Amino acid sequence: MALNGKIAVVTGAAQGIGRAITELLLQNGAKVALLDANKTNGESLKEVLDKLFGEQTTLFLHCNVESEEQIKAAFQKTLGTFGRIDILCNNAGILNEEEWEKTISINLAAVVRTTYMALEHMNKMTGGQGGVIVNTASMAGLGPLKCCPVYTATKHGVVGFTRAMAAASTAAGYGIRFNAICPGLVKTEMLSSLSNKLGQFSHLAEETNTIIADKKMLNVTEVADCLLELVTDETKNGEALQVRCNGKKYMTFPVFT
Ligand SMILES: NC(=O)C1=CN([C@@H]2O[C@H](COP(=O)(O)OP(=O)(O)OC[C@H]3O[C@@H](n4cnc5c(N)ncnc54)[C@H](O)[C@@H]3O)[C@@H](O)[C@H]2O)C=CC1
Ligand SMILES: CCCCCC(=O)/C=C/C=C\C/C=C\C/C=C\CCCC(=O)O
């Protein structure tokens, strides 16, 4: 799938992995609507991107993915400006075991909400032109992280939702591919502010921070490079791509017959 002329929506685009995804999509010729709840970071990133790629190639839309109304408005603005949506990257996420309901709301419920909203515009069965949806899960979507059970549950949920949607899309002919990316530790603000986010598991903070300090971490650009493969390689559907410092691996799962 070549990206020239393609229109992408990226959530959590203002910093970290979302910013790297946005920059790589732009470098490859796509136009991008950046959705983020952080207005200050989003607006200053838009200024940077205007200079690098031209004002017409991006939109910053202040949007909390927990709000159905705000997502709807962001999709309408994207369609009004760019005319179509080909790519959705559900990337916004938090790690907060204290505010665990908010973690479920942003990391899982919002992925479902945004995906269903995108289907209304992308689904070939209802007049859309198809495309690809890539969800940012985590290695915590493939195995347990003892310091953050709810974060782990949301990321397992994202992997399951992605794979089931891929199967539903194939069965019904939506013309949309669904993939999940599952990175290990990535150098971003999410990990640097971890200690006070573990709630009842804060007794594991010291051990967790030691692991983080000792482990080699991925750069956001390494994650974005792998995500680009999931966007552009039309053979990839229903995949969970694990990305670690020592390489990437397409995961295999039990098959139901
Ligand atoms: N940093 C890491 O080690 C890893 C991160 N991930 C996942 O990658 C994704 C991105 O995380 P990072 O870039 O590391 O975090 P980050 O904290 O640097 O960036 C997250 C972005 O999402 C935005 N955001 C948060 N809540 C939002 C909401 N309700 N509505 C709209 N935007 C919202 C934030 O404003 C921020 O710009 C998350 O889903 C995270 O779970 C996955 C594996 C590893
Ligand atoms: C192994 C899960 C990495 C998940 C990254 C993430 O989404 C959030 C991490 C939060 C805390 C990290 C705490 C412990 C990590 C333990 C092991 C990391 C091993 C990474 C690797 O080997 O690639």
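In this text the structure is predicted, and so the values were computed from the model without any measurement. Numbering of ligands and ligand atoms starts at 1, following listing order.
Remark: K51 does not engage E47 in a salt bridge, criterion side-chain N to carboxylate O under 4.0 Å. A salt bridge links E66 with K102; the closest basic N to acidic carboxylate O contact falls under 4.0 Å.
Of the protein's non-hydrogen atoms, S138 OG, 3.3 Å is the one closest to atom 4 (C) of ligand 2. Of the protein's non-hydrogen atoms, the one nearest atom 20 (C) of ligand 2 is L185 CG, 4.1 Å. In this structure, the protein non-hydrogen atom closest to atom 8 (C) of ligand 2 is Y151 CE2, 3.6 Å. Nearest non-hydrogen protein atom to atom 16 (C) of ligand 2 is I211 CG2, 3.6 Å. Scanning the protein heavy atoms around atom 13 (C) of ligand 2, the nearest turns out to be T208 CG2, 3.4 Å. Of all protein heavy atoms, the one lying nearest to atom 21 (C) of ligand 2 is R244 NH2, 3.4 Å. The closest protein non-hydrogen atom to atom 1 (C) of ligand 2 is M139 CE, 3.6 Å.
Under 4.0 Å from any atom of ligand 1, one finds heavy atoms of residues G12, A14, Q15, G16, I17, D36, A37, N38, C63, N64, V65, N91, A92, G93, I94, I106, T136, A137, S138, Y151, K155, P183, G184, L185, V186, T188, E189, M190, L191.
When side chains are defined from C-beta on, M165 does not count as touching I133, because their heavy atoms never get closer than 4.5 Å. Looking at heavy atoms from C-beta onward, N219 lies in side-chain contact with K187 at the 4.5 angstrom threshold. Two residues are said to be in side-chain contact when any heavy atoms from C-beta on lie closer than 4.5 Å; D36 and L34 fail this criterion. By the 4.5 Å heavy-atom criterion applied to side chains, L45 and F60 are not counted as neighbours. Looking at F82 and L59, their side chains come closer than 4.5 Å, going by heavy atoms from C-beta outward. Counting only heavy atoms from C-beta outward, the side chains of V186 and L191 never approach each other to under 4.5 Å.
Interface of L191 with ligand 2, defined as ligand atoms under 4.0 Å from a residue heavy atom, comprises 9 (C), 10 (C). Taking every non-hydrogen atom of L194 and a distance limit under 4.0 Å, the qualifying atoms of ligand 2 come out as 11 (C).
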Step-by-step side-chain contact (heavy atoms from CB on, under 4.5 Å) determination, R163 to M251: CA-CA 11 Å; R163 298 180 62 232; M251 302 308 293; over 6 Å; no
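Taken together through direct or relayed side-chain contacts under 4.5 Å among Ile, Leu, Val, Met, Phe, Trp and Tyr, L145 and I94 form parts of separate hydrophobic clusters.
With a 6.0 Å radius and a threshold of 12 heavy atoms from other residues, nucleotides or ligands, E43 has its CD atom above the threshold.
Among K155, M190, K215, Q242, the residue whose heavy atom lies closest to atom 19 (C) of ligand 2 is K215. Around atom 10 (C) of ligand 2, the closest heavy atom drawn from L95, I17, V186 belongs to L95.
Between the side chain of T103 and the backbone N or O of N96, at least one donor-acceptor pair lies under 3.5 Å.
The part of L145 lying near ligand 2 is the side chain, judged by heavy-atom distances below 4.0 Å.
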